[in-house]
Amino acid sequence: MFALVDGNNFYVSCERVFRPALRDRPVVVLSNNDGCAIARSNEAKALGIAMGAPLFQIRHFEETHGLVALSANFTLYGDMSDRMMSLVAGLGPQQEVYSIDESFVGLAGVRGDLTRRGRAIRERIERWIGIPCGVGIGQTKTLAKLANHVAKTAERKPGSYPAELAQVCNLAALPREAFEEVLARTEVGEVWGVGRRIAKQLHDGGVHTVLDLARLDPATVRRRWSVVLERTVRELQGLPCIDLEDAPAPKKEIACTRSFGQAVTDLEPLEQAVSEFASRAAEKLRRQGSLAGQVLVFAHTSPFRPPPHMHKSVVVPLRRPTADTRLLVDAALSGIRRVYEPGYRLAKAGVMLLDLSDAQAHQAELDLDADEARDRSRLMQAMDKINGRYGKGTLHVGSTGATVRAGREWEMRQERRTPQYTTRWDDVPIARA
DNA sequence: TCTGGGGTCCTAGGACCC
DNA sequence: TCTGGGGTCCTAGGACCC
């Protein structure tokens, strides 16, 4: 048995903890560069604001409906998430933190009324952290996900499901008939693992509700679609196929990518950005104790703007696996010089570290290089510490003086234009602590 | 003018080998 | 005209997730 607990409209809820006056009004939190809405309050959803809606398309709601749009504060959300997850852990013996606002809990061996336990945890999180949650319980992760969807939808749209399923929904406790009624009321695209494309194919094949999907023959689903969808069908039928992952596996690739606030056309600012991305990615790489064997660099124009379009990437192999910022920056720069062509208005670029391996295992293999490896990792550790204490980009490394200077200049420009968008909402006072 | 960032898994097809 | 059969590895691309 599994539970899925997730924070409602998480980023918006975090903001509301510190600014209670944001309650009961439409609020969105914006992505990087204040480009689009990545979290919406229920009131914003009710206005028809879609996930990912660009700010310029929804701005008129500020005037007409009192919409408040806020730049994201990811440090705050990460902190709130940690606190919420430690309370969620009290629900059962195993926990998988699935994303910043979601956690699965393995309930094997937990006795007593699971629904009541779910309510108790939910209330504790609301009271102690201030974040409203939905709790879903089911025999498989897919069913727990579905239950969570029911819990939230029943609360947000009264009448969509039986009222007693709001906030906490335990599908495993429902009689067969009521369970199937819930599945029949739910559109197939809501299922975890069924995205837009597959939902369309299912609809075309006459499969409209979750109940329709759950009644398909798994072998047929595998033949016509894939093993992935087959697994989903079996999970809907109550057969667990997806395990809880309580120890997070090390990342197999690490990326740092950004959209540019304004289109980039020249090589130099592109190099500045890419050297910064490579440095950030290298920090993440060292944090997880890995080495990278390859560096991928890409740049592309905006798919939303008129042609000419360009979308290119290059993989640069490294002579040997490394976590050294200098080598990774050099590789990324050599890559971006091969990608770059004048005449394009670039909207985004990024660096990905690939072919990752364990640093310790690798060093054991090559004890010839032990001294060098130690020196190198000491330098990098010192760098991470300084940048951690005094702010990103305080200390840069590069293959040439030009790289160092360029990286710093780019960083400063970013700081200067760090988005601080906030709807003017003078009538909404900030809560005093 | 303005449209996020970071991941995973699966599959098909080509290259290469015996 | 006829032109094997498998296995493995790699890559690109599709689809999905939050």
Side-chain angles (χ1 to χ4, degrees), chain A residues 4-11 28-40 49-60 69 71-72 74 77-78 81 96-104 141-142 145 148-149 152 188-202 221-232 241-243 245 248-263 273 277 280-281 284-285 288 293-294 296 298 300-306 311-315 317 345 347-356 417 419 421:
Chain A
L4 178 74
V5 183
D6 89 331
N8 300 346
N9 316 327
F10 187 67
Y11 297 164
V28 296
V29 170
L30 301 169
S31 65
N32 241 16
N33 294 322
D34 298 325
C36 59
I38 56 174
R40 306 157 291 154
I49 295 175
M51 185 65 170
L55 176 59
F56 71 90
Q57 281 177 9
I58 58 175
R59 215 172 227 169
H60 62 278
S71 290
F74 292 107
Y77 311 149
S81 171
E96 172 187 342
V97 176
Y98 180 67
S99 75
I100 192 162
D101 68 333
E102 274 181 72
S103 175
F104 286 102
K141 286 170 87 173
T142 304
K145 265 292 226 189
N148 180 278
H149 167 78
K152 284 191 302 189
V188 73
E190 299 295 345
V191 173
W192 189 40
V194 178
R196 268 216 316 278
R197 299 292 172 87
I198 301 211
K200 166 115 183 21
Q201 293 168 16
L202 287 168
V221 170
R222 181 183 201 139
R223 237 179 297 118
R224 188 148 161 212
W225 282 277
S226 67
V227 293
V228 184
L229 193 63
E230 180 199 12
R231 222 160 28 211
T232 298
C241 303
I242 307 173
D243 292 333
E245 292 171 28
K251 301 263 177 275
K252 297 171 178 176
E253 47 191 71
I254 287 175
C256 183
T257 71
R258 291 285 179 279
S259 294
F260 301 124
Q262 289 170 344
F277 299 156
R280 293 286 87 82
K284 294 189 206 172
L285 184 72
Q288 91 160 24
Q294 298 180 318
L296 180 147
F298 73 86
H300 64 77
T301 51
S302 168
F304 305 107
R305 312 247 44 106
H311 196 124
K312 274 175 69 180
S313 68
V314 180
V315 175
R345 296 171 51 76
K348 180 172 179 173
V351 170
M352 297 173 72
L353 305 180
L354 312 174
D355 190 16
L356 306 191
R417 59 171 315 285
Y421 186 85

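Below, chain A is the first sequence line, B the second, and so on; all start at residue 1.
Side-chain atoms of Trp225(A) and Leu202(A), non-hydrogen and from C-beta on, do get closer than 4.5 Å to each other. Using a 4.5 Å heavy-atom threshold, the side chains of Lys145(A) and Glu102(A) count as touching. The closest side-chain heavy-atom distance from Arg305(A) to Arg345(A) is not below 4.5 Å.
Phe277(A) and Phe260(A) have parallel rings, their planes meeting at less than 30° on a 0 to 90° scale where 60° marks the start of perpendicular. Between Tyr11(A) and Tyr77(A), the two ring planes are parallel [angle under 30°; tilted spans 30° to 60°]. His311(A) and His300(A) have parallel rings, their planes meeting at less than 30° on a 0 to 90° scale where 60° marks the start of perpendicular.
Contacts of Ile254(A) with the nucleic acid, taken as non-hydrogen atoms under 4.0 Å apart, involve only primed sugar atoms and P, OP1 or OP2. Nucleic acid contact for Lys200(A): none, since no nucleic acid atom lies under 4.0 Å from a heavy atom of the residue. Contact annotation for Arg305(A): base contact, defined as any heavy-atom pair under 4.0 Å involving a base atom. Backbone-only contact: Glu102(A) has heavy atoms under 4.0 Å from sugar-phosphate atoms and none from a base. Note on Val97(A): nothing from the nucleic acid sits closer than 4.0 angstrom, heavy atoms only.
Here CD of Glu253(A) is found 11.0 Å from CG of Asp355(A). Values are rounded to the nearest 0.5 Å.
Across the interface with DNA chain B, nearest-nucleotide mapping of Tyr11(A) and Arg231(A) shows Tyr11(A) to be the residue nearer the 5′ end. Where Ala255(A) and Val227(A) each meet DNA chain B at their nearest nucleotide, the meeting point lying more 5' is that of Ala255(A).
Straight-line distance between the C1' atoms of dC17(B) and dG4(C): roughly 14 Å, to the nearest whole Å.
In DNA chain C, the stems built from three or more successive Watson-Crick or G-U pairs (distances below 3.5 Å) are B:5-18 with C:5-18.
Taking all atoms of both residues into account, the shortest heavy-atom contact from Leu356(A) to Lys252(A) is CG-O, 3.5 Å. Between Leu285(A) and Ile254(A), the shortest heavy-atom distance links the atoms CA-CD1, 3.7 Å.
Contacts between chain A and DNA chain C, taken as any atom within less than 4.0 angstrom of a protein heavy atom, begin and end at dA15(C) to dC18(C).
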